[in-house]
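The structure under discussion appears below in the form of structure tokens.
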Amino acid sequence: EAISVAGMVDGGTGIDTLTVRARDDGTLGPALDLPVDGNQYVGFENLTKDGAGLMTLTGNLSLGADAPSLALIEEGGLLLDHATLSADVIHVFGPAAVAGNEGEKAGTVLLSDGATLSLGSSIGAITVDGDLELQDSRLEIELSGSGPGEYDVLEVLGSVSFLNSDLVVSFTGGFLPTLGESVDFLLAQQVLGLGSLSLQLAGLPAGYAFDLVTSGTGLSLVTSSVPEPSTISLVAVGLAGMGVTRRRRRYARPRAGGTN
């Protein structure tokens, strides 16, 4: 069932909350996917997204007309489709997920309790105009190459901090990085908590190793070891069935027949 809103919706003066409930009756029923044009909503201080469905935001939804603002993403998913969500604090609770296709979030963004931040189902970008914190959560990045437009880019205009969180990097389109190849997927003023970040790799044969390298401009994934060419050819046919492997601090895939 399609749901649409005609005209402008004004929260008026005082403290008002816009609630997007992506399910039939608020408590039961199948999940609904709801499009929301942020340009149609003004005068709201807070946003609550619940229900298992997906809220797809377009336009510019700016909260906090009359007071400090808070956006709570409690269930389901939020997709920023060339959209901007502006609030003083944006808090995403697990297992909710936020994805972006050229999206922007203004304010401090906090993910906790198993929440997921991804950059869409294909190569995309998200800008956070503030700080980003991941606590027991998950950041997903896709790489189909190391050239411009071939990998996801997360740009944070403040600092990024990790606490017991996962970075999941998926290699798509048959991309096999070469030794020393670097991808600057995270741009930020400062990166904190790297020691508690666990890297998971998908879509690569055995024998690859990577370093996460921080700089004054963000975080890069650098290929520090590659398998022998013969090893790549032997396992290439099985790439589609490979799982995800976790490593901490130094992130490596074991070579066939041995360990790193």
Side-chain angles (χ1 to χ4, degrees), residues 79-84 97-105 109 116-129 132 134 138-160 162 165-191 194 197-247 250-253 255:
L79 173 63
L80 302 176
D81 185 6
H82 296 82
T84 298
V98 174
N101 179 14
E102 304 297 332
E104 180 173 348
K105 292 181 284 188
V109 179
T116 298
L117 174 62
S118 69
L119 280 71
S121 57
S122 59
I123 303 303
I126 287 181
T127 299
V128 176
D129 188 3
L132 172 64
L134 286 90
R138 178 183 177 105
L139 172 62
E140 296 181 349
I141 299 293
E142 286 185 313
L143 311 178
S144 63
S146 60
E150 294 181 328
Y151 56 89
D152 289 337
V153 176
L154 173 60
E155 182 176 9
V156 180
L157 303 185
S159 64
V160 178
F162 298 100
S165 292
D166 297 326
L167 170 62
V168 182
V169 180
S170 298
F171 294 80
T172 64
F175 172 49
L176 299 175
T178 58
L179 184 64
E181 197 164 9
S182 178
V183 176
D184 304 327
F185 66 91
L186 174 58
L187 307 177
Q189 297 298 313
Q190 187 179 29
V191 179
L194 193 59
L197 180 65
S198 175
L199 181 67
Q200 302 181 23
L201 306 172
L204 284 180
Y208 277 92
F210 297 89
D211 293 324
L212 287 173
V213 178
T214 59
S215 66
T217 58
L219 186 62
S220 303
L221 184 74
V222 180
T223 309
S224 57
S225 179
V226 298
E228 297 295 331
S230 58
T231 304
I232 296 178
S233 62
L234 285 174
V235 300
V237 294
L239 283 178
M242 293 191 65
V244 173
T245 302
R246 303 177 66 124
R247 292 292 185 269
R250 178 167 179 83
Y251 309 103
R253 291 254 175 165
R255 296 181 183 275

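Computed from heavy atoms alone, side chains included, the values below leave out hydrogens, waters and symmetry copies. Just so you know, residue 1 is the first one in the sequence shown, and it goes up from there.
- Taking CG from Asp129 and NZ from Lys105, the interatomic distance works out to 12.5 Å, rounded to the nearest 0.5 Å.
- Ser159 and Val156 get closest at one heavy-atom pair: O-CG1, 3.7 Å.
- Rounding to the nearest 0.5 Å gives a distance of 10.0 Å between CG of Leu143 and CD of Glu150.
- Between Glu142 and Ile123, some side-chain heavy-atom pair lies under the 4.5 Å cut-off.
- Here the CD1-CG distance, from Ile141 to Leu117, works out to 7.5 Å after rounding to the nearest 0.5 Å.
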Kindly determine whether Val160 and Leu154 satisfy side chain to side chain contact (heavy atoms under 4.5 Å, CB included), including the steps that lead there. CA-CA 10 Å; Val160 178; Leu154 173 60; 5.8 Å; no

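- Judged by distance alone, with hydrogens and angles left aside, the side-chain atoms of Thr223 form no donor-acceptor pair with the main-chain N or O of Pro177 at under 3.5 Å.
- Of the possible donor and acceptor atoms, one in the side chain of Ser224 sits under 3.5 Å from a partner among the backbone N and O of Ala209.
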Would you check, one step at a time, whether the test side chain to side chain contact (heavy atoms under 4.5 Å, CB included) holds for Asp184 with Thr217? CA-CA 9 Å; Asp184 304 327; Thr217 58; over 6 Å; no

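- We find the OH-OG distance between Tyr208 and Ser225 to be 9.5 Å, quoted to the nearest 0.5 Å.
- With rounding to the nearest 0.5 Å, the separation of CG in Leu186 from CG in Leu167 is 8.5 Å.
- Annotation: the span from Phe171 atom CZ to Leu176 atom CG amounts to 9.0 Å, rounded to 0.5 Å.
- Scored by the salt bridge (charged side-chain N to carboxylate O under 4.0 Å, His left out) test, Glu140 finds Arg138 as partners (sequence neighbours excluded).
- Donor-acceptor pairing under 3.5 Å is lacking for the side chains of Ser170 and Thr172.
- For Ser182 against Ser146, the heavy-atom pair with the smallest separation is O-CB, 4.2 Å.
- Ala125 pairs by the side chain to side chain contact (heavy atoms under 4.5 Å, CB included) definition with Glu102, not counting sequence neighbours.
- Residues satisfying the side chain to side chain contact (heavy atoms under 4.5 Å, CB included) criterion with Leu179, sequence neighbours excluded, are Val226.
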The test is side chain to side chain contact (heavy atoms under 4.5 Å, CB included); show your working for Phe185 and Leu219 and say whether it passes. CA-CA 7 Å; Phe185 66 91; Leu219 186 62; 3.8 Å; yes

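- Residues Ser165 and Leu134 come closest through the heavy atom pair OG-O, 3.1 Å.
- In this structure the side chain of Leu221 reaches within 4.5 angstrom of the side chain of Leu199, judged on heavy atoms.
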